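This one's a predicted model, so the numbers in the text were calculated from it and none came from an experiment. Every heavy atom of this structure was used, including side-chain atoms; hydrogens, water molecules and symmetry mates were not.
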Amino acid sequence: PLSLVDHGSYTTDTATNLNWLDLSATYGLSYNQVMGNSGVNYIADGWRYATSSELATLFTDAGGSGTYPELATSYTTFDANSTLVAVQTLSNLLGWGFDPNYTSYVAFLADPAPGGQQSLCLFSEYSYPFPSPGIYQGQLRIAGGSASPDQTTYYSSFLVRSDVASTPLPASAVMFVTALGLLCGV
């Protein structure tokens, strides 16, 4: 999709001006480890957890239907199914998550869940060779479950931050900063 731009370690959704950190960057880190900057500095560097609403917009911008959870099956061709295309697009852009051998991802979101748990998102693509010509199945599930914020196994995190470079400052703010610089002799 034209609104998604890959920058290597993150992807920008130009429709929302949000940068999405690759899932592979936080694979195996718990929600609490990321929030506490334990061995990593994502939060200190301006990243924050994405909300389920922000993730729904990313899914839609990647070609999803806009209604989640989204589950679709195609018996003919992979490309004919919008869910599968959205999953493939996101997995190409965001790196691997749950298992590098399959297109399957489970990642923490900002939304809390009951019982002190944290909401999870799942998106995945499965390919079955039988019956011929095969079954292709894709899922885009937001808040598809929850886990302890200390859980590390198989999980990544959906982290976002504003794309400051593409968000222009208002003219009044530019004038103020310029005047302040002149007054301070900078």
Side-chain angles (χ1 to χ4, degrees), residues 1-29 31 34 42 47-111 113 118-147 151-161 163:
L2 296 176
S3 66
L4 302 180
V5 180
D6 188 8
H7 298 281
S9 62
Y10 68 94
T11 297
T12 300
D13 184 346
T14 59
T16 61
N17 285 333
L18 283 179
N19 292 326
W20 292 81
L21 186 65
D22 283 1
L23 291 172
S24 54
T26 58
Y27 180 73
L29 297 174
Y31 176 89
V34 172
Y42 298 119
W47 295 95
R48 63 172 174 79
Y49 273 91
T51 65
S52 57
S53 174
E54 290 168 328
L55 187 58
T57 301
L58 178 69
F59 280 177
T60 301
D61 292 347
S65 72
T67 304
Y68 307 104
E70 181 177 322
L71 175 63
T73 304
S74 170
Y75 289 90
T76 54
T77 63
F78 180 90
D79 293 333
N81 189 300
S82 65
T83 306
L84 294 169
V85 172
V87 169
Q88 193 65 27
T89 297
L90 290 171
S91 51
N92 287 337
L93 292 171
L94 299 177
W96 54 268
F98 177 77
D99 186 329
N101 298 311
Y102 300 95
T103 308
S104 187
Y105 305 82
V106 179
F108 287 107
L109 293 167
D111 308 271
Q118 222 35 58
S119 288
L120 294 170
C121 166
L122 164 72
F123 67 99
S124 60
E125 175 262 316
Y126 302 98
S127 173
Y128 305 98
F130 301 103
S132 183
I135 297 174
Y136 301 96
Q137 185 177 65
Q139 297 183 66
L140 296 171
R141 292 176 51 203
I142 297 170
S146 63
Q151 178 71 35
T152 57
T153 308
Y154 302 123
Y155 296 148
S156 295
S157 294
F158 277 110
L159 298 181
V160 295
R161 67 178 174 194
D163 186 10

Residue of the set Thr153, Leu23, Leu122 for which side chain to side chain contact (heavy atoms under 4.5 Å, CB included) holds with Val106 =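 Option passing the side chain to side chain contact (heavy atoms under 4.5 Å, CB included) with Val106: Leu122.
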Nearest 0.5 Å, please: how far is [atom2] in [Y] from [atom1] in [X]?
{"X": "Phe59", "Y": "Ile142", "atom1": "CZ", "atom2": "CD1", "value": "5.0 Å"}
{"X": "Arg141", "Y": "Ser52", "atom1": "CZ", "atom2": "OG", "value": "14.0 Å"}
{"X": "Asn92", "Y": "Leu4", "atom1": "CG", "atom2": "CG", "value": "11.5 Å"}
{"X": "Thr14", "Y": "Asp61", "atom1": "OG1", "atom2": "CG", "value": "8.0 Å"}
{"X": "Ser9", "Y": "Asp22", "atom1": "OG", "atom2": "CG", "value": "6.0 Å"}
{"X": "Leu21", "Y": "Phe158", "atom1": "CG", "atom2": "CZ", "value": "11.0 Å"}

key: Atom of Leu109, atom of Cys121 and distance for their closest heavy-atom approach   =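 Answer, listing the atom of Leu109 first, then Cys121: CD1-CB, 4.0 Å.
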request  = Please name the pair of heavy atoms, one in Ala50 and one in Val160, separated by the smallest distance, quoted to 0.1 Å.
outcome  =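 Closest pair (atom of Ala50, atom of Val160, distance): CB-CG1, 3.8 Å.
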message = So, using side-chain contact (heavy atoms from CB on, under 4.5 Å) as the criterion, who are the partners of Asp6 when residues are at least two apart?
response =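 side-chain contact (heavy atoms from CB on, under 4.5 Å) list for Asp6, sorted by chain: Thr11, Leu93.
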ask   = Who pairs with Thr51 by side-chain contact (heavy atoms from CB on, under 4.5 Å), at least two apart in sequence or on another chain?
value =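 By the side-chain contact (heavy atoms from CB on, under 4.5 Å) rule, Thr51 matches Ser53, Glu54, Ala110, Asp111.
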request  = With sequence neighbours excluded, tell me which residues meet salt bridge (charged side-chain N to carboxylate O under 4.0 Å, His left out) with Glu70.
outcome  =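 Partners of Glu70 by the salt bridge (charged side-chain N to carboxylate O under 4.0 Å, His left out) criterion come out as none, since no residue qualifies.
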key: Residues Tyr27, Tyr154; criterion side chain to side chain contact (heavy atoms under 4.5 Å, CB included); working and verdict   = CA-CA 7 Å; Tyr27 180 73; Tyr154 302 123; 4.0 Å; yes
task = May I have the step-by-step check of side chain to side chain contact (heavy atoms under 4.5 Å, CB included) for Arg161 and Leu159, ending in yes or no?
result = CA-CA 7 Å; Arg161 67 178 174 194; Leu159 298 181; over 6 Å; no
message = Working note: Phe123 + Leu55, criterion side chain to side chain contact (heavy atoms under 4.5 Å, CB included); need CA distance, chi angles, decisive distance, verdict.
response = CA-CA 11 Å; Phe123 67 99; Leu55 187 58; over 6 Å; no
key: Between Tyr49 and Ser157: side-chain donor-acceptor atoms closer than 3.5 Å   =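 Result is yes, a qualifying pair exists.
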query = Can you find a pair of side-chain heavy atoms, one from Ser91 and one from Tyr105, that are under 4.5 Å apart?
reply =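 Answer yes - side chains close enough.
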query = Is any side-chain heavy atom of Phe108 less than 4.5 Å from a side-chain heavy atom of Leu120?
reply =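 When only atoms from C-beta onward are counted, Leu120 and Phe108 do touch, with a gap below 4.5 Å.
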How would you list, by chain and number, every residue that makes a side-chain hydrogen bond (donor to acceptor under 3.5 Å, both in side chains) with [X], sequence neighbours excluded?
{"X": "Ser146", "value": "none"}
{"X": "Tyr10", "value": "none"}
{"X": "Ser119", "value": "none"}

ask   = For Asn19 and Trp47, what are the C-alpha separation, side-chain angles and deciding distance, and is it a side chain to side chain contact (heavy atoms under 4.5 Å, CB included)?
value = CA-CA 9 Å; Asn19 292 326; Trp47 295 95; 3.9 Å; yes
key: ring pair (Phe, Tyr, Trp, His ring centres under 6.0 Å) involving Tyr42 - partner list, sequence neighbours excluded   =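 Ring pair (Phe, Tyr, Trp, His ring centres under 6.0 Å) check on Tyr42 returns nothing, list empty.
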query = Taking the side chain from Tyr68 and the backbone from Thr60, do they hold a donor-acceptor pair closer than 3.5 Å?
reply =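 Yes; judged by distance alone, with no hydrogens or angles, the pair exists.
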